[in-house]
Amino acid sequence: MFPEICTIGPFTLYSFGLMLVLAFLVSASLASIEAKREKIDPDVIFNVCFVGFIFGVLGSRIFYVIANFKFYLNNPLEIFMLNHGGMAWFGGLILGSFASVIYIKKKKLSLLKILDLIAPFIALAQAIGRIGCLLNGCCYGKVGFGFGIYFKVHDAVLIPTQLYSSLALLLIYFILRFLQNKPHKTGLIFFVYLLLYSVKRFSIEFLRDDNARIISGLTLFQLLSIAVFCIAIAGIIIKWKNTR
């Protein structure tokens, strides 16, 4: 598609990096506005988003490199070429959440309340970020066989899984925002986010062609999706029982 937006002298503006920055700015700003409405310090929420974003990107990259260890072992410099794409949400979830939890605890805030607040905006950030994947040509789908989008970097018509993911994440964002504005048990929004994302990722993996099948025709990310789905279901059941 369009991995490079433009080049001015020695500086090149990459579409992937641009969409990552845009995803953070839009989502963090909207989360800060929502925090103000809920009488929470918006600066604290912006900082939580910033910490989660930085460590989320780092964790996503580390996890992706580990998952594709053979390639990066033969091409070590590619590890630092973030503009070429290659990130794994699960790694971002682990490291980003860990760093954010430390910050939230340091500020002595309610962990689940903050996670509920920012969960919809995480989905929105991912939706914007996937457009960067589409423009970059990474996270690509299988050969379209008559339908799809032509990716110059692959010289093939492929199923636009990046676009499908983006639209699904946008839908998740609206669902979570709807639930957010309804009376709910603290923590429920975050668990619903995990539930919906895991279902989305598990489904979209059948159309993707950039991850190896390792067990029973499933990819590593599908197996992780199953684990996250189970955690989400357990969390929702606990919240439902507490509500009763």
Side-chain angles (χ1 to χ4, degrees), residues 14-32 34-35 42-68 72 79-107 109 111-136 138-139 162 165-166 168-170 172-173 176 187 189-198 200-201 204 210-211 220-221 224-225 227-228 231-232:
Y14 295 98
S15 56
F16 187 75
L18 175 64
M19 297 311 294
L20 279 183
V21 172
L22 183 62
F24 166 71
L25 292 176
V26 171
S27 299
S29 298
L30 291 177
S32 299
E34 179 63 21
D43 290 336
V44 171
I45 297 303
F46 189 90
N47 290 339
V48 169
C49 292
F50 181 75
V51 169
F53 172 75
I54 295 299
F55 283 91
V57 170
L58 181 61
S60 296
R61 186 59 171 176
I62 291 173
F63 195 93
Y64 186 86
V65 169
I66 293 173
N68 298 273
Y72 289 102
I79 294 175
F80 307 101
M81 301 299 179
L82 193 61
N83 55 290
H84 292 170
M87 299 175 69
W89 173 83
F90 294 98
L93 174 67
I94 294 171
L95 194 56
S97 296
F98 181 74
S100 297
V101 166
I102 292 176
Y103 181 83
I104 291 170
K105 289 296 184 181
K106 185 178 179 180
K107 292 295 181 178
L109 298 171
L111 177 60
L112 288 179
K113 186 175 182 179
I114 300 302
L115 290 177
D116 273 354
L117 191 154
I118 64 176
F121 305 104
I122 294 175
L124 179 61
Q126 288 177 288
I128 298 172
R130 281 302 181 193
I131 298 301
C133 295
L134 177 68
L135 296 174
N136 191 56
C138 58
C139 307
Q162 311 95 326
S165 288
S166 182
L169 286 162
L170 191 60
I172 291 174
Y173 164 73
L176 295 178
I189 304 300
F190 179 68
F191 286 121
V192 172
Y193 160 71
L194 293 181
L195 174 73
L196 295 177
Y197 181 85
S198 61
K200 189 280 301 183
R201 184 58 188 269
I204 209 74
D210 60 331
N211 296 316
L220 170 63
F221 300 103
L224 291 172
S225 294
V228 172
I231 293 172

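Residue numbers count from 1 along this sequence. Heavy-atom basis, side chains included; hydrogens, waters and symmetry copies ignored. Because the structure is a prediction, the values reported are computed rather than measured.
Legend: side chain to side chain donor-acceptor pair (under 3.5 Å) pairs involving residues 18-28, not counting sequence neighbours: none detected. For residues 116-131, the side chain to side chain donor-acceptor pair (under 3.5 Å) pairs, not counting sequence neighbours, are Q126-Y193.
Shown here for L135 and S15, the closest heavy-atom pair between the two residues is CB-OG, 3.4 Å. Annotation for I189 and A119: closest pair CG2-CB, 4.2 Å, computed over non-hydrogen atoms. Between A127 and L170, the shortest heavy-atom contact is CB-N, 3.9 Å. Closest approach of R61 to F80, counting heavy atoms only: NH2-N, 4.4 Å.
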Output a table of donor-acceptor pairs, distance under 3.5 Å, between side-chain atoms of residues 42-50 and any protein atom two or more places apart or on a different chain; print 'none' if there are none.
from : atom 1 : to   : atom 2 : distance (Å)
N47  : ND2    : D43  : O      : 3.2
N47  : ND2    : Y103 : OH     : 3.2

Apply side chain to side chain contact (heavy atoms under 4.5 Å, CB included) to the pair S100 and F55, showing each step before the final yes or no.
CA-CA 9 Å; S100 297; F55 283 91; over 6 Å; no
Does the pair L194 and F191 meet the rule for a side chain to side chain contact (heavy atoms under 4.5 Å, CB included), with working shown?
CA-CA 5 Å; L194 293 181; F191 286 121; 4.3 Å; yes
When you look at L124 and L169, which way does the side chain to side chain contact (heavy atoms under 4.5 Å, CB included) test go after all the steps?
CA-CA 7 Å; L124 179 61; L169 286 162; over 6 Å; no
Would F63 and L224 satisfy side chain to side chain contact (heavy atoms under 4.5 Å, CB included), going step by step from the backbone distance to the final call?
CA-CA 12 Å; F63 195 93; L224 291 172; 3.4 Å; yes
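For the atom pair F221 CZ and I204 CD1, the distance stands at 14.5 Å (nearest 0.5 Å). One distance of note links CG of N136 with CG of L18; it measures 12.0 Å at 0.5 Å rounding. Separation of atoms CD1 (I118) and CD (E34) is listed at 12.0 Å; rounding is to 0.5 Å. How far CG of L109 is from CD1 of I114: 5.0 Å, rounded to the nearest 0.5 Å. Rounding to the nearest 0.5 Å gives a distance of 11.0 Å between CD1 of I102 and OG of S97. With rounding to the nearest 0.5 Å, the separation of OG in S32 from CG in L117 is 9.0 Å.
For N68 (side chain) and Y64 (main-chain N/O), a donor-acceptor pair under 3.5 Å exists by modelled atom type. A donor-acceptor pair is defined here as one N or O able to donate and one able to accept, closer than 3.5 Å; no such pair exists between the side chain of S166 and the backbone of Q162.
Every residue meeting the side chain to side chain contact (heavy atoms under 4.5 Å, CB included) condition with L195, not counting sequence neighbours, appears here in chain and number order: F229, A232, I233, I236. Among residues two or more places apart in sequence or in another chain, the side chain to side chain contact (heavy atoms under 4.5 Å, CB included) test is passed with A168 by K200. Legend: residues meeting side chain to side chain contact (heavy atoms under 4.5 Å, CB included) with L22, ordered by chain and number and at least two apart, are M19, V26, I128. Residues that satisfy the ring pair (Phe, Tyr, Trp, His ring centres under 6.0 Å) test with Y197, not counting sequence neighbours, are W89. Every residue two or more places apart in sequence or in another chain was checked for a ring pair (Phe, Tyr, Trp, His ring centres under 6.0 Å) with F98, and none qualifies.
The shortest side-chain heavy-atom distance between V57 and F24 does not fall under the 4.5 Å cut-off. No side-chain heavy atom of C138 sits less than 4.5 Å from a side-chain heavy atom of D210.
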